[in-house]
Amino acid sequence: MELTPEDITAIVLSLKVAFAATALSLPLGFAAAWLIVFRTFRGKVLLEVLVNLPLTLPPVVIGYLLLLLLGKNGWLGQLLASAGIHLIFTWKAAVIASAVVGFPLLVRSIRLGMESIDPLLVKASRTLGASWLDSLLSVILPLSMKGIIAGSSLMFARSLGEFGATIILAGNIPGVTQTIPLAIYDYASSPSSTAMALSLCFVSIVISVAVLFLHELLSRKIDRSNGL
Amino acid sequence: MELTPEDITAIVLSLKVAFAATALSLPLGFAAAWLIVFRTFRGKVLLEVLVNLPLTLPPVVIGYLLLLLLGKNGWLGQLLASAGIHLIFTWKAAVIASAVVGFPLLVRSIRLGMESIDPLLVKASRTLGASWLDSLLSVILPLSMKGIIAGSSLMFARSLGEFGATIILAGNIPGVTQTIPLAIYDYASSPSSTAMALSLCFVSIVISVAVLFLHELLSRKIDRSNGL
Amino acid sequence: NLSVAASLKEVINELCASYSAKHPGALFVKNFGGSGTLAGQIENGAPADLFIAANTEWMDHLNSKKLIAGPSIKTFAYNSLVFTGATSKKVTSMKDILSLDKIAIGSPKSVPAGEYAMAAMTKAGIAGKLSGKLVMAKDVRECLMYAELGEVDGGFVYRTDALLAKKAKILFVVPQNLYPRVVYPMAVTAKAAQNEEAKAFLAYLQGDEAGAVLSKFGFLLK
Amino acid sequence: MKLHIDIEKTLGGFSLQLTTDLSGERVGIFGDSGSGKTTLIHLLSGLLRPDRGEILLDGECLFSSKRGVDLSPEQRRIAIVFQQAMLFPHLSARSNLLYGYRRCSDADRAITPESLIELFQLRPLLQRRVRHLSGGEKQRIALARAVLSNPRLLLMDEPLSALDDTLRFQIIPYLKSVSEEFRIPYLFISHSMTEMRLMAEQVIVVKGGQLVEETTPEGLARSRMALSQGGYLNLLRLADPVADRGLVAWRWGRNTLLISPDRLEERALFELSSRDIILFRKHPEAISARNLLECTVKEMFDADGRVGVVLSVNGEQLVAEIVRSAADELGVAAGSTLFAAIKASAFRQLG
Amino acid sequence: MKLHIDIEKTLGGFSLQLTTDLSGERVGIFGDSGSGKTTLIHLLSGLLRPDRGEILLDGECLFSSKRGVDLSPEQRRIAIVFQQAMLFPHLSARSNLLYGYRRCSDADRAITPESLIELFQLRPLLQRRVRHLSGGEKQRIALARAVLSNPRLLLMDEPLSALDDTLRFQIIPYLKSVSEEFRIPYLFISHSMTEMRLMAEQVIVVKGGQLVEETTPEGLARSRMALSQGGYLNLLRLADPVADRGLVAWRWGRNTLLISPDRLEERALFELSSRDIILFRKHPEAISARNLLECTVKEMFDADGRVGVVLSVNGEQLVAEIVRSAADELGVAAGSTLFAAIKASAFRQLG
Ligand SMILES: Nc1ncnc2c1ncn2[C@@H]1O[C@H](COP(=O)(O)OP(=O)(O)OP(=O)(O)O)[C@@H](O)[C@H]1O
Ligand SMILES: Nc1ncnc2c1ncn2[C@@H]1O[C@H](COP(=O)(O)OP(=O)(O)OP(=O)(O)O)[C@@H](O)[C@H]1O
Ligand SMILES: [Mg+2]
Ligand SMILES: [Mg+2]
């Protein structure tokens, strides 16, 4: 097994993208889970559908829709462009693609974590003078940490494998937006470099196993510190 | 919004594939979850990694690996061929691709369901004369039904969106293996038929919303019948 | 910034390398993908200066939207359709493929090579008899992969792709009279219309040196 | 404290409708399970929103459907102590203790951690993990945590019922001293008559979401004497224990009581069931009961067929419970003299 | 039943090492929390695997590390009744009831559902959802379910401790009649001395995973008289109640006892604490206690400084508990005559 410098770049980029996508989604996923678990409001079903949508649509479609939204003519794209921000074709686009695709998995895990919090603990914090935001950060956040970690590891793993949405939104530019799956795609589309494709697959597997282990480790640690 | 007869075929095929993939994976996913939750054995970590692998690898890679395994020269493919079974390029291949890709999501949900079963209930059934298999079917299965339903709906939704692995293992043959995502891909590749692509996206979304609702409905019903 | 059809990856990489060697200041950012994907990206503001497509359809589409500097559209290269496979059966002409079990072509709706292959079969009068045997692939490379792995007896691919294969051999060349010419058009995007470097590279690609490289990879120059 | 409550709330099949004006520092809320006590205090603290009505605390409007006022829980400054301690499992004992204090504005910080740590003897617990605390220690921290949030009113929802008897009475003195030392009025929910008598000055009785009675703990205890397992529970404050042939002689006002040995403390609280007192008209001679007290009948009251006899024993008071036939036979009447026999083992030391 | 146990098992920091031969139909297992009782019955039933040793039931080897025998739980035919009923929540009461019966081979089906439904009065419950059953109903179903699996041995792990007092004693007669009518021997775990005395003929006491004592329920009760809150609990089987001026006169052998009214049944079981009996050397005249019994001292025993006085009352037996100084003062000795005063409210009806 040998890796070219380009492969190494792709691996580093993949890790960077997966990491950034996870970090970016965490606050949003946490907020979405909180809304779904602790709040009752109109349009909750809509939120649930929206959150779960990326799961159902093929990533290619998601990528295409994102391109329409964030592109030159998309309303969000125009907004960002007027602020001097160009996302398409940069590694940031890869981050956004991964983030959207992995979001439902993240929210589902955090929800499960939150659903096991005793609501009286939250109430207790409110009567002790914490505003809802304070209570969210000082009680709900630490107590749903297990779900957050599970969700993050799931999302990280999913991001490492994200292909369809990324190639559309970010392009397949070696050294800039070419993540491991895109590099594998490149290799695999030429019969002469199947071996290279397989080495990258192997790297991918090794990373995800490492993530799984890290997750087990962290969640055991949290079990211990919460005395569960 | 208009749908051609070919689109209708694709929709029906998609539903059939998603349904078959879910039905096929359920017993296996249930068994895998059971092994992980209730049993201690060597190689458990290996099983966990294997189950979670499809999450990390890009679907294209999964498709490629499945092709190597199930193809004419793959060992499993040869075995099946000698039994007169040819999977590749049939709708069954699409089922297998979807099943493999959705498997980690299914297992994770069933696990969460099983982890909430009081182990004493299982023990009680054993001392009442149930063998482990009997106890699995008469106690563990009905009590993890909520997780099974959540997992199935997740898996069904994921199957509806499966593209990367399917297109490699099953090809993109209209009327035979062309599911909704593949049809969208075909439409999207030509500048003139973007509108058709969007109608199919819309169908996809409608179906997944329906699945989400069905899931909510079923899991409430189970809540009620278990008196939780 | 180049947006290049994926099937041209190897040749473009080599051309860029040799250009850079002569013009040390030139820096390339290459994006490889399907022609439709690339066009969609350009339509939505992707920073591409030069677009090389695998067919004229998407080029025309962009041109009609005034995203391409119209006058700069040139032909990059031509290609030809061949039938390749690792089968032991004797296949030397369009008629012979009737004896095969499975044949891979690109999905005619989304893959130009598939469209050409379909046209050729129709013209040869065998399309009707093959309908159950065709395997539609996502792109040409997938066709080749199927052929290489022996999952199909053979497939219609471009000559350039067929030359990359190890196991699959070119069994016959599809007569040019059966299908429209395979053209790779290239153009500078509207945005880069005033970009001298882009124009210079475009000119280089039309030159003799580029021609030699293209021939090496199996492309036709006219 | 002046608390004006006039609220309605419907929850599923249950509806609460309650109007009352409470004043006084220590109010007990008594009622069967499901009568709406917890619902009431959730409404008061802002954790639940009444359907209609208003709540005024010391003149300030906390909620009013008419005026559209609805202060959030943190604005009301009403702390709750729950049945389970509800400590935050991810924080240390110290951080739990200071949770409310840290969120309290400087102006309101009348009570400081130091004083409470002293009073509640929390110092050795501060560094501990929550799960390494015993049930009683947890509840002590929870109580201190609530007090340190410097609330205007403390609501206690059966704060002791998850604890075993010993712990329960160890904590009661803390609860009372909190209110006294820091002038925090409280509402105290309990099913236990003894807790009620130790903790409350007045009691409201709730039933089916409605207020059915306003009374005193003593009145409540007497009216429910016949119904409860232990009858009327006399609470005796005893002092100066001295060992006496295997037993302990405690001073009870100007009397001495012989009691089976338990923990020795300078002063202690004992419980004695009205049913553990046997009355004689004449002095019985040799008797296994170690306490024989000469006493005068102060008054008598009826409770569901039983007779409560309020006795004066050298200035101290004791309620004995006898059946009607015994009352007739003994000729008990206000002013008559009797002998009360009590076994050494009948007393139960609390706390 | 003959049960030979000789096993070792280590679980984390806890290790169980137990060797005994039990015979008899009703064996109690007594021990503090954490002493290994549950572990022991899990080992017996095959839910846990001993590290070493052997278990023989009526000669059949259930487990032997030497011979490599380890029957699975369903092969052992040993049923367990747990502290919580552990009914399957997804099944109806009827399906729960028949769960074990359906899995029982024809040859072993000595007990039929019909007979048990009758005995346990389950007919009105059969169609109900599990969650619509009360705690006591659940436990009755759980017990019947275990019995209907036609086990060779029934293990009961504190089957009553999750129930309130009333329910608890409603169920005990069922438990006993099961063993008697269907000849199923049982091992019964409990912390309650009264349950032990009602349910067991012999008792093994477990401590720290070791067997520390083999005794009878009576021996156990006497030796622990001073330690437990209620002292020694006398169990009195009374019959033929007759109303008597607000009280109820029950027949106790050839004696009559006046007791505060509770449920009226032809025969009933009452509990009376040894501490609720006051002894006099002479007959006291007017007294509020409604029962004054003349009795003879049969024997006396010491328990941690207290004196247990075994009294014979017209052929019935009663244990009173007094302190040493009282024993001296009264001059109690075997053969002496005393008067025992007991208040009408001191009796507690069980079940
Ligand atoms: N969210 C709710 N939806 C429907 N009914 C409710 C809800 N919350 C409480 N109830 C009902 O309101 C009634 C009063 O409940 P509450 O908890 O106030 O009683 P409580 O007096 O505190 O009882 P306990 O002494 O058992 O704590 C109960 O019958 C309960 O079932
Ligand atoms: N799986 C386990 N791992 C480690 N220790 C265990 C395990 N199971 C039980 N123990 C320990 O074994 C000891 C005995 O437990 P066991 O449940 O048998 O006690 P018990 O006598 O039934 O107590 P109780 O009366 O509270 O039910 C306890 O100290 C317990 O902590
Ligand atoms: Mg309550
Ligand atoms: Mg136990």
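By convention in this document, chain letters (A, B, ...) are assigned in the order of the sequence lines, proteins followed by strands, and residues within each chain are numbered from 1. Computed from heavy atoms alone, side chains included, the values below leave out hydrogens, waters and symmetry copies. Just so it is clear, the structure is predicted and the values come from calculations on it, not from any experiment.
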For this session: Identify which of D/Leu258, D/Ile277, D/Asp244 forms the greatest number of heavy-atom pairs closer than 4.5 Å to chain E.
Result: D/Ile277
Exercise. Counting heavy-atom pairs under 4.5 Å to chain E, which of D/Leu338, D/Val309, D/Ile278 comes out on top?
Worked result: D/Ile278
Problem set entry | Whether over 12 other heavy atoms sit under 6.0 Å from E/Arg128 CZ | yes
Exercise. In terms of heavy-atom proximity below 4.5 Å to chain D, should E/Arg290 be classed as side chain, backbone, both, or neither?
Worked result: side chain
For this session: Evaluate the criterion side chain to side chain contact (heavy atoms under 4.5 Å, CB included) for residue pair E/Ser260 and D/Arg275; output intermediate values, then yes/no.
Result: CA-CA 11 Å; E/Ser260 301; D/Arg275 297 184 180 164; over 6 Å; no
Problem set entry | Contacts of type side-chain contact (heavy atoms from CB on, under 4.5 Å), residue D/Arg237, not counting sequence neighbours | D/Leu198, D/Leu269
For this session: Please identify each residue that fulfils side chain to side chain donor-acceptor pair (under 3.5 Å) with E/Ser223, with sequence neighbours left out.
Result: none
Problem set entry | Top contributor to chain D contacts, counting heavy-atom pairs under 4.5 Å, from E/Lys343, E/Glu329, E/Lys282 | E/Lys343
Problem set entry | Partner chain D: residue of E/Pro284, E/Ser273, E/Ser325 with the largest heavy-atom pair count (under 4.5 Å) | E/Ser325
Problem set entry | Residue-level contacts of residues 310-319 of chain E with chain D, using a heavy-atom cutoff under 4.5 Å | none
Seminar exercise, completed: Looking only at D/Ile322, D/Val332, D/Val323, the option with the highest number of non-hydrogen pairs under 4.5 Å against chain E is D/Val323
Exercise. Does E/Asp328 have any side chain to side chain donor-acceptor pair (under 3.5 Å) partners at least two apart in sequence or in another chain, and if so, which?
Worked result: none
